[in-house]
Every structure is written in structure tokens, then in C-alpha cells.
Amino acid sequence: MLLVCRNDHSIDLEIDVIACCFVYVNCSYVFSHLSSPQCQRCISPLSRLAISYWKLDATAYTYPALAVPWDPKDSVDHVLSKIRDDRGYSYADIITVHPDTLPEYETKVKSFFEEHIHDAEEIRFILGGSGYFDVRNKKDEWVRIHVKVGDLMTLPEGIYHRFSVDDTDMIHAMRLFVGQPVWTPFNRPSADVHESRKKYIEEYLEEEKKVED
Ligand code: KMT
Ligand code: NI
């Protein structure tokens with residue numbers, strides 16, 4: 001996973017983040033690789049925004065290009081099965097974002113890239129290809145997360161985000177959910193007053209400010 005700290009005009013820094021930990025200091029990143037296997041969940045600017053991240057070996061298993069739904073109980077990857085059980089993921093589907101494989105490609109890609117929130121967690125496990133998730137940090141700047149094969153990431157309810165494919169123009173991903181999936185995006189700015197947004201600000205962004213003061 002590549003984390004890019006950027007504003008709307010320039011890209012400041014790119015750091016390759018693969019099963020490692022780093023800390024965030026005034027928009028520059030102090031970076032230290034840890035070889036410890038305990039470091040599967042990174043302590044990072046991402047976790048400070050309530051984003052969780054794991055690196056899995058997605059290439060060791062075979063997944064269909066498109067399966068809507070895909071039963072998460074069919075997982076034979078024990079790391080994925082543990083995350084599924086720990087977090088109660090009971091629904092999954094598998095999609096490939098590419099003009100040849102994704103029904104209504106143009107409409108979907110456009111809606112993925114609208115800045116939005118959800119009223120539930122967004123969970124994505126990257127099985128192939130790559131793409132960009134952009135999330136807003138506490139200063140309302142974009143933070144670009146370059147996701148690649150094996151990245152499993154959760155975006156909390158109420159975080160502003162958007163998704164786009166990168167130069168490879170293809171991403172193969174599993175989308176997990178607790179219970180019946182609801183993919184409804186609430187776009188900015190009307191989502192500013194959504195309960196999920198208010199809750200996220202109270203629980204994470206205001207806490208963040210207190211830590212800094
Ligand atoms: C989303 O919600 O933005 C997507 O599902 C994008 C495709 S999965 C990486
Ligand atoms: Ni979303």
C-alpha cells in the first residue's frame with residue numbers, strides 16, 4: 001500500500017507501506033520498518049483516522065472475477081477467515097472494476113469518485129490490480145492511499161472518501177459487510193449534517209484535536 005499525503009494542488013510525499021509502522025509529524029512521515037509479525041495492523045496516520053489495515057497473501061488463493069454475492073464462509077485463507085469472524089463479516093461479493101467486467105462501468109466509476117460517506121463501515125480486500133482510495137484527514141486535506149494486491153482496508157462509517165482506478169485501469173476486489181449490504185453513498189456537502197458524519201467527527205476528529213492541543 002502506498003500512502004500519499006497531498007493537498008488539491010500537489011503531491012507532497014509518497015511512502016511505500018507494506019506491513020510496517022510509521023508515525024505522522026506535521027505532514028512529513030517518519031518511517032520505520034518493523035519485521036515483527038505482530039505488526040499486521042499498522043499504527044499510522046490511517047489508524048488515527050479509524051482506518052484499519054492488514055496485508056494478506058491474496059495471490060496464494062484463487063477468486064472469481066465477479067461473484068455477487070460471494071459467501072465469506074467459503075474463505076480458505078485462514079487470515080481472512082479470522083478477520084471475517086472477529087469483525088462479523090457475513091456478506092461478501094467480488095467485483096473487477098474494468099469496462100469488460102463491471103456492469104454499468106461508467107456510472108459506477110463516476111459514483112465511486114464522488115466524495116461521499118456511508119452509514120456503515122466500507123471494507124475492501126484487494127485481490128488484484130490497484131487503485132486509489134482518497135480519504136479526508138482532520139484538516140480536510142486529501143490523503144491518497146494506493147491500494148494493491150493483498151491490502152485489506154476498512155474505512156469507518158462517516159469518513160469522507162472516494163475511489164478511482166490508477167494507470168492499470170483494473171482492480172479486483174472483495175467487498176465485505178456486516179449483515180445485509182447497503183452501499184448507499186451520501187455525497188458532500190449534504191452529508192455534512194448526516195448522523196454518521198457527526199458521529200465520526202465527535203469520535204475521531206475531535207479526539208484528534210484534543211491529542212494535538
Ligand atoms: C467503492 O465503494 O468505492 C468500491 O467498491 C470501489 C471498487 S472496490 C476497490
Ligand atoms: Ni464508499
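Side-chain atoms are counted along with the backbone in the values below, which use heavy atoms only and exclude waters and symmetry mates. Everything numeric in this text was worked out from a predicted model, so none of it was measured. Each residue takes its place number in the sequence, starting with 1. As the structure lists them, so they are numbered: ligands from 1, and atoms in each ligand from 1.
At a 4.0 Å heavy-atom cut-off, ligand 1 touches Val97 through the side chain alone. Here Arg162 has no heavy atoms under 4.0 Å from ligand 1, in either its backbone or its side chain.
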| task | Decide ring pair (Phe, Tyr, Trp, His ring centres under 6.0 Å) for Trp183 and Phe177; before the verdict, give the C-alpha distance in whole Å, the side-chain angles of both, and the deciding distance to 0.1 Å. | result | CA-CA 10 Å; Trp183 309 119; Phe177 209 86; 5.6 Å; yes
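Between Glu115 and Arg136 there is a salt bridge, with a side-chain nitrogen of the basic residue lying less than 4.0 Å from a carboxylate oxygen of the acidic one. A salt bridge links Asp140 with Arg188; the closest basic N to acidic carboxylate O contact falls under 4.0 Å.
Grouped with Tyr160 in one hydrophobic cluster are Ile117, Phe186, the linkage being side-chain heavy-atom contacts under 4.5 Å among Ile, Leu, Val, Met, Phe, Trp and Tyr residues.
Looking at Arg124, His118, Arg175, Met153 and measuring to atom 2 (O) of ligand 1, the nearest heavy atom belongs to Arg124.
Listed by first and then second residue, the side chain to side chain donor-acceptor pair (under 3.5 Å) pairs involving residues 67-80 are Ser75-Ser81 (not counting sequence neighbours).
Distance CD/Glu122 to NE2/His161: 3.5 Å, rounded to 0.5 Å.
Of all atoms in ligand 1, listed by their number and element, those nearer than 4.0 Å to a heavy atom of Ala173 are 8 (S), 9 (C). Close contacts of ligand 1 with Glu122, meaning ligand atoms under 4.0 Å from a residue heavy atom, involve 1 (C), 2 (O), 3 (O).
Annotation: protein N, O or S atoms under 2.8 Å of the Ni ion (ligand 2) (waters excluded) comprise His116 NE2, His118 NE2, Glu122 OE1, His161 NE2.
Listed by chain and residue number, Lys198 satisfy the side chain to side chain contact (heavy atoms under 4.5 Å, CB included) test with Glu195 (two or more places apart in sequence, or in another chain).
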